[in-house]
Amino acid sequence: MWSVPLVDLPLDAVWPICNALPAITLVRFQVVAPTIRKIVATLWPRLRAVRGRTLRPNPNDCLKRLHNYEAAILYEEFGDTTWADRWLPDMIANRNVTAQWHAGPDASGLELRGLGGRLLDLGSESQPGEVTFKLSARASPVTAAALGYIVLSDASKRPCAWVYIEWQRDVVGLGTVACWVNDTEVRLQDWPWGDSMLTVAFGIDWHSHELTGITIEGSAAAVGFADFHNASCQGVRHIALASLRGESAEVCWQNISLFPRAPDNCDRCDCRQHLSLML
């Protein structure tokens, strides 16, 4: 047991303790000892630099986001300056040399103006159980648009999930916006832009080759499941982001998460052994 309360220790002494603990344990410490919040807020830039470099500097929900980063196969916020070393230009989708890409600590995520694509190679194939992502998109209502693509595929580039935002005119000439998750269409009231960013989540059943529990903004979609885009997909190794059609197209992918299991189940680690600290 510590002879000095943790909150009274110098920050240089507190740092190795906080850095050694899982983020979920620090979250629980904040619950039983709210004064820990001040320590965490002060140490957040160091925690982010050492343990979650792709997270954005924003301190809001920083420990929850760090926990997601530590628990996930991938938890990407595009918050670092080296994002382009991971997300390489997709030579198939990157046909517009005037596309403007922006990400890093001063951005809201990975921002794209124009048409183009990026591709992430995870280095190995995995079979995530839960996928979530948040994005915003809009384009000029002049021509049909297809933008904000997120495509998950295996080592052979066979996709299990193919998600994008589409704008087109219906049979009576009215413009419609929809989010497509494979062959499942979910109509939207308007472009998901600004404060109306779109959150999409679904599970992946690798045995049945289905996307399950599809939700848009936390509400059950009209069809809660969809078959794999390619039934032969064996896992996820590549993640493609793109905008392929549209005038004045703008997209921001704010975060992308691949979890080995439902995020709620990631909170089961037992931190009772740490509660002997004098907080």
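This structure is a prediction, so every number in the text was calculated from the model and none was measured. Numbers here simply count residues along the sequence, with the first being 1.
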Practice problem: Decide if atom CZ of R113 counts as having more than 12 heavy atoms of other residues, nucleotides or ligands within a radius under 6.0 Å. | Solution: no
Any donor-acceptor N/O pair, [X] side chain to [Y] backbone, under 3.5 Å:
X    : Y    : value
R56  : E77  : yes
R245 : L147 : no
Q127 : Q234 : yes
D227 : H209 : no
W44  : P57  : yes
R118 : W87  : yes
E70  : A23  : yes
E125 : A155 : yes
T42  : K38  : yes
N182 : T184 : no

- prompt: Centres of the Y69 and Y75 rings: under 6.0 Å?
  reply: no
Are W206 and F228 an aromatic pair by the rule of ring centers under 6.0 Å?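 Ring centroids of W206 and F228 are less than 6.0 Å from each other.
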- Query: Do the side-chain N and O atoms of S156 and D154 include a donor-acceptor pair separated by under 3.5 angstrom?
  - Reply: no
query = So, R86 and T54: side-chain donor and acceptor under 3.5 Å apart, yes or no?
reply = no
First locate atom [atom1] of [X], then atom [atom2] of [Y], and finally report the distance between them rounded to the nearest 0.5 Å.
X    : Y    : atom1 : atom2 : value
W180 : H229 : CH2   : NE2   : 11.0 Å
S136 : E250 : OG    : CD    : 8.5 Å
L63  : L21  : CG    : CG    : 10.5 Å
T143 : R169 : OG1   : CZ    : 10.0 Å
E76  : Q254 : CD    : CD    : 12.0 Å
C252 : E111 : SG    : CD    : 5.0 Å

Mind checking whether F202 and I216 sit in one hydrophobic cluster, side chains of I, L, V, M, F, W, Y counted as touching below 4.5 Å?
-> yes
Please determine whether residues I24 and L66 belong to a single hydrophobic cluster, defined as Ile, Leu, Val, Met, Phe, Trp and Tyr linked transitively by side-chain heavy-atom distances below 4.5 Å.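 Yes, I24 and L66 fall within the same hydrophobic cluster.
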- Task: Could you give me the CA-CA distance, side-chain angles and deciding distance for L120 and L74, then say whether side-chain contact (heavy atoms from CB on, under 4.5 Å) is met?
- Result: CA-CA 11 Å; L120 173 69; L74 173 73; 3.9 Å; yes
Looking only at heavy atoms, the pair that brings G148 and V251 closest together is N-CG2, 3.7 Å
Notebook entry, point to check: Minimum heavy-atom separation for A71 to P260, with atom names?
Noted result: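 Between these two residues, the closest heavy atoms are O-CD, 3.4 Å.
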message = Working note: I239 + L258, criterion side-chain contact (heavy atoms from CB on, under 4.5 Å); need CA distance, chi angles, decisive distance, verdict.
response = CA-CA 11 Å; I239 304 176; L258 276 62; 4.1 Å; yes
Before you tell me yes or no, could you show the steps for D205 and F225 under side-chain contact (heavy atoms from CB on, under 4.5 Å), namely the whole-Å CA-CA distance, both residues' side-chain angles and the distance that decides it to 0.1 Å?
CA-CA 10 Å; D205 187 331; F225 68 92; over 6 Å; no
Residue pair L211, I204: steps toward the side-chain contact (heavy atoms from CB on, under 4.5 Å) verdict:
CA-CA 5 Å; L211 307 184; I204 303 181; 4.1 Å; yes
- Task: Quick one: sort the W101 and W83 rings into parallel, tilted or perpendicular, breaks at 30° and 60°.
- Result: tilted
